[in-house]
Amino acid sequence: MGVSWVYIEDIPKIQEGEVEIRGWLFNKRSSGKIVFLIIRDGTGYIQGIATLEYFSQEELNNFEKIPIESSLIVVGDLRKEPRAPGGYELQLKKVNVISYAEEYPIQKKDHSIEFLLERRHLWIRSRKQNAILRVRSEVIKAIRDFLDSRGFTLVDAPILTPSACEGTTTLFGLDYFDLGKAYLSQSGQLYMEAACMALGKVYCFGPAFRAEKSKTRRHLTEFWMVEPEMAFWDWQDNMKLQEELVFYIVQRVLEKRKKELEILERDIKPLEKIVPPFPRITYREAIEILKKNGFNVEYGDDFGGDEETVISNQFDKPVFIHHYPAKIKPFYMQPDPGNPEEVLNNDLLAPEGYGEIIGGSQRIHDLKLLEQKIEEYNLPREAFEWYIDLRRYGSVPHSGFGLGIERTVAWICGLKHVREAIPFPRMIYRIYP
RNA sequence: UCCUCGGUAGCUCAACGGUAGAGCGGCCGGCUGUUAACCGGCGGGUUGCAGGUUCGAAUCCUGCCCGAGGAGCCA
């Protein structure tokens, strides 16, 4: 009878007995007559210990020479062991090297970010990067569970689109057979507006592409976004959904990914404070806060990274900023009926200086007003005919928002830069690997 | 696109006008409880590229290439 293959994360359930582990050599140490092999299998780490009890001196000498990241299958007896990292240890009885690795380039010591990004395909094997990818997976699952459980339907938006949502200078263009130019989608929003008129409450989840020459810790040229859109919801209903979603995401990660947050050395106290309701301030109030803090800003200016940090530092929860001046926002946002110079929109700034993670608004539902805005913004009307059409056949007030996955993950994980919040980041000066 | 900083051994850095060096990794040896193990030893270089200044350039100057941090814009 064979020994059963187990994953390291299941070891606390198994506790003891003979098991097989399949993985990679993470690290090793040796004292001549005792060899420690730290094995990782993608779900965790366990220390294997090889002694003269089961192996010859020659075999031990060979184990000492197995290069880091060699793949192996081992068999041994599990036992609790306080001296071992993780609390469990494997008394090795068989060690079968599947593939001897060449000298592994990533060491346990410091590397430059350039060196690591160039080897992102290997870097994701490391402990912290591994933890980040697990948190990302949990964040995405939380979002989908939350929306699915509230009656939302997932509607996939197209990636190849005929036109810009908000201007063409920041679009990646490509040749589309005989039909001219096509562009990589910047947002699925306009399609979700169509979909919510079909299905009521919808969302899309997918990549968005921005050809902005942005080079900051908050920017990628390819990032992932969830975009809910709800028919008959106004801008305040919209904000309520946003705060409940963000609360749910944070709770879920705190509950299911505590171990990963520990690996990342994330202080979870600020995350535990993320409980609705979140503060809501107007754009006007935000300007006042900035002026009080010595910023030279005027009504009508947009906020940069520093401004966002100062505003969010006033609160220990995410903060909504609503009612921006219409002229610094896209064409589709619904003006406030009481003050058409401002729109029924909101951004949501994450705490601790992480900045904008959500942008949302109530959308224009009036046919004439939308036509007028498209003209004002100098947009090619032909490309938007289908979108205008939505206002011809049973138009209703509706709202939606977009939440950026990488910024959310970076915030929850406490990362300095969003590039580590995505498996293979795409940035202005990097498309490899 | 603009501003700032950087490029020296496989990696992280030092040398700042006068013989290119250390730690880590690698290789060899030692050690029965290690935790980025430790101890001893050994190899390892077209100083990003092209010019220039100088008796002499990794070091100073010019141009280019590559990258990092940031700005504008945005999630």
Side-chain angles (χ1 to χ4, degrees), chain A residues 26-38 45-53 55 57 60-61 64-65 67-69 81-87 89 91 101-119 126-127 165-167 169-171 186-189 206-227 242 301-308 324 328-330 346-350 354-360 401-411 416-419 421-422 427-430 432:
Chain A
F26 184 70
N27 203 0
K28 63 188 172 183
R29 281 172 226 104
S30 139
S31 308
K33 293 193 169 54
I34 178 166
V35 179
F36 299 96
L37 300 176
I38 316 294
Y45 302 81
I46 188 161
Q47 171 168 285
I49 174 170
T51 63
L52 289 168
E53 192 178 345
F55 300 102
Q57 184 64 55
L60 291 187
N61 293 346
E64 235 180 289
K65 289 174 190 160
I68 298 297
E69 285 302 321
E81 171 53 70
R83 285 174 293 183
E89 181 173 83
Q91 176 75 49
E102 295 180 20
E103 188 185 337
Y104 193 62
I106 298 179
Q107 302 177 13
K108 303 280 181 266
K109 304 247 174 179
D110 286 344
H111 288 289
S112 65
I113 190 64
E114 180 187 354
F115 182 85
L116 291 169
L117 286 172
E118 195 71 16
R119 292 160 185 79
S126 70
R127 210 173 161 80
C165 178
E166 304 158 29
T169 54
T170 60
L171 286 170
Q186 290 188 305
S187 159
Q189 180 199 315
F209 305 87
R210 304 272 165 99
E212 294 157 1
K213 298 201 167 179
S214 305
K215 198 172 150 21
T216 80
R217 75 185 74 207
R218 306 185 308 283
H219 285 87
L220 298 168
T221 55
E222 179 181 311
F223 66 98
W224 287 66
M225 194 158 57
V226 61
E227 295 178 278
Q242 293 168 40
D301 293 342
D302 213 338
F303 306 136
D306 291 346
E307 285 89 345
E308 286 183 355
Y324 278 66
I328 59 169
K329 285 292 170 184
N346 74 271
D347 283 354
L348 181 67
L349 306 188
Y354 279 92
E356 184 182 353
I357 55 172
I358 287 181
F401 63 92
L403 176 141
I405 300 298
E406 288 75 19
R407 287 185 181 181
T408 302
V409 171
W411 162 49
K416 288 197 199 79
H417 197 300
V418 289
R419 65 188 161 212
I422 188 169
M427 291 168 291
I428 174 166
Y429 292 123
R430 177 171 300 282
Y432 178 93

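Reminder, nothing fancy here: chain letters follow the sequence lines and each chain counts from 1.
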Next item on the list: For nucleotides B:A68 and B:U8, find the distance between their P atoms and express it as a whole number of Å.
Entry: 15 Å
Next item on the list: Taking the side chain as every heavy atom from C-beta outward, state whether A:Gln57 and A:Lys33 have any pair of such atoms under 4.5 Å apart.
Entry: yes
Item checked: Among B:C73, B:U34, B:A71, the nucleotide that comes nearest once only the side chain of A:Arg83 is considered -> B:U34
Checklist line | Any donor-acceptor N/O pair, A:Glu227 side chain to A:Gly188 backbone, under 3.5 Å | finding: yes
Checklist line | Pairwise P distance for B:C11 and B:G26, with rounding to whole Å | finding: 15 Å
Note to self: Any base atoms under 4.0 Å from A:Glu64, or only sugar-phosphate, or nothing? Heavy atoms, all strands.
What the structure shows: base
Item checked: Complementary nucleotide of B:U8, counting Watson-Crick and G-U pairs under 3.5 Å -> none
Next item on the list: Tell me which of A:Ile328 and A:Glu53 sits closer to the 5' end of RNA chain B, going by the nucleotide each one is nearest to.
Entry: A:Glu53
Check: B:C74 P sits how many Å from A:Lys329 NZ, rounded?
Finding: 6 Å
Check: With rounding to whole Å, what would you report as the distance between B:G44 and B:A22 at their P atoms?
Finding: 12 Å
I'd like a table of atom pairs between the protein and nucleotides 6-13 of chain B - only N or O on both sides, under 3.5 Å - with the distance next to each one.
unit_1: B:G10; atom_1: N2; unit_2: A:Gln107; atom_2: NE2; d: 2.5
unit_1: B:C11; atom_1: O2'; unit_2: A:His111; atom_2: ND1; d: 2.7
unit_1: B:U12; atom_1: OP1; unit_2: A:Ser112; atom_2: N; d: 2.9
unit_1: B:U12; atom_1: OP1; unit_2: A:Ser112; atom_2: OG; d: 2.5

Notebook entry, point to check: If pairing requires Watson-Crick or G-U wobble contacts with both distances under 3.5 Å, which nucleotide is the partner of B:C49?
Noted result: B:G63
Next item on the list: Select base, sugar-phosphate, or nothing to describe what A:Phe223 touches, counting heavy atoms under 4.0 Å on all strands.
Entry: base
Checklist line | Atom-pair distance (CD1 on A:Ile106; C1' on B:A36), nearest Å | finding: 15 Å
Next item on the list: Figure out the CZ/P separation between A:Arg419 and B:A68, and round it to whole Å.
Entry: 7 Å
Item checked: Paired nucleotide for B:G17 [Watson-Crick or G-U wobble; both distances under 3.5 Å] -> none
Next item on the list: Starting from P on B:G29, measure out to CG on A:Asn61 and report it in whole angstrom.
Entry: 8 Å
Item checked: Under 3.5 Å on both distances, the Watson-Crick or G-U partner of B:C38 -> B:G30
Item checked: Backbone N/O of A:Glu356 and side chain of A:Glu308: donor-acceptor pair under 3.5 Å -> yes
Next item on the list: Provide, to the nearest angstrom, the distance between the CD1 atom belonging to A:Ile49 and the C1' atom belonging to B:U34.
Entry: 9 Å
Check: Can any side-chain N or O of A:Arg210 pair as donor or acceptor with the backbone N or O of A:Gln186 at less than 3.5 Å?
Finding: yes
Next item on the list: Determine the Euclidean distance between corresponding C1' atoms of B:G29 and B:U12; express it in Å to zero decimal places.
Entry: 27 Å
Next item on the list: Determine which nucleotide pairs with B:C2, using a 3.5 Å limit on both distances of a Watson-Crick or G-U wobble pair.
Entry: B:G70
Check: Does any nucleotide pair with B:G44 by Watson-Crick or G-U wobble geometry, both distances under 3.5 Å, and what is it?
Finding: none
Margin query: Mind checking if A:Glu308 touches a base, just sugar-phosphate, or nothing, with heavy atoms under 4.0 Å?
Written below: base
Next item on the list: Indicate, with a heavy-atom threshold strictly under 4.0 Å, whether A:Leu52 touches base, sugar-phosphate, or nothing.
Entry: base
Check: How would you label the contact of A:Glu89 with the nucleic acid (heavy atoms, under 4.0 Å): base, sugar-phosphate, or nothing?
Finding: base
Item checked: Proximity to the side chain of A:Tyr429 - top-ranked nucleotide from B:C31, B:G67, B:A75 -> B:G67
Item checked: Heavy-atom check, side chain of A:Tyr324 versus side chain of A:Asp302, under 4.5 Å -> yes
Next item on the list: Using whole Å, report how far NE2 of A:His219 lies from P of B:U1.
Entry: 17 Å
Next item on the list: Could you check which of B:A68, B:G72, B:C74 has an atom nearest any side-chain atom of A:Arg430?
Entry: B:A68
Margin query: Between P on B:G67 and CE on A:Met427, what's the gap in Å once rounded to a whole number?
Written below: 10 Å
Next item on the list: For the pair A:Arg407 (side chain) and A:Arg218 (backbone), establish whether a donor and an acceptor sit closer than 3.5 Å, ignoring hydrogens and angles.
Entry: yes
Notebook entry, point to check: Quick one: on RNA chain B, does A:Lys28 or A:Lys65 contact a more 5' nucleotide (nearest heavy atom)?
Noted result: A:Lys65
Margin query: Mind checking if A:Ile358 touches a base, just sugar-phosphate, or nothing, with heavy atoms under 4.0 Å?
Written below: sugar-phosphate
Note to self: Measuring only between side-chain heavy atoms, which start at C-beta, is A:Val418 closer than 4.5 Å to A:Phe223?
What the structure shows: no
Next item on the list: In whole angstrom, give me the gap between the P atoms of B:G72 and B:C3.
Entry: 16 Å
Note to self: Roughly how many Å apart are B:G69 and B:A36, using the P atom of each and rounding to a whole number?
What the structure shows: 28 Å
Check: Base, sugar-phosphate, or nothing for A:Asp347, non-hydrogen atoms under 4.0 angstrom?
Finding: nothing
Margin query: Less than 4.5 Å apart, side chain to side chain, heavy atoms only: is that true for A:Gln242 and A:Asn346?
Written below: yes
Margin query: Regarding A:Ser31, tell me which of base, sugar-phosphate or nothing describes its non-hydrogen contacts under 4.0 Å with the strands shown.
Written below: base
Notebook entry, point to check: When the distance from CD of A:Glu118 to C1' of B:C66 is rounded to whole Å, what number comes out?
Noted result: 10 Å
Notebook entry, point to check: Does B:G69 have OP1 or OP2 sitting under 4.0 Å from an N or O in the side chain of A:Lys215?
Noted result: yes
Note to self: I'd like to know if the side chain of A:Glu307 and the backbone of A:Gly304 have a donor-acceptor N/O pair within less than 3.5 Å.
What the structure shows: yes
Check: Looking at side-chain heavy atoms only, is the closest gap between A:Glu53 and A:Gln91 below 4.5 Å?
Finding: yes
Margin query: Is it the case that the base of B:C31 and the side chain of A:Arg29 share a donor-acceptor contact (distance under 3.5 Å, atom types as modelled)?
Written below: no
Notebook entry, point to check: When we call it a touch if two heavy atoms are under 4.0 Å apart, what does A:Ile405 touch: a base, just sugar-phosphate, or nothing?
Noted result: nothing
Item checked: Separation between the P atoms of B:G41 and B:A58, rounded to whole Å -> 31 Å
Checklist line | Main-chain N/O of A:Trp224 paired to A:Glu406 side chain as donor or acceptor, under 3.5 Å | finding: yes
Notebook entry, point to check: In whole Å, what separates the P atom of B:G17 from that of B:G6?
Noted result: 16 Å
Next item on the list: Ignoring backbone atoms, test whether A:Arg218 places a side-chain nitrogen or oxygen under 4.0 Å from the OP1 or OP2 oxygen of B:G72.
Entry: no
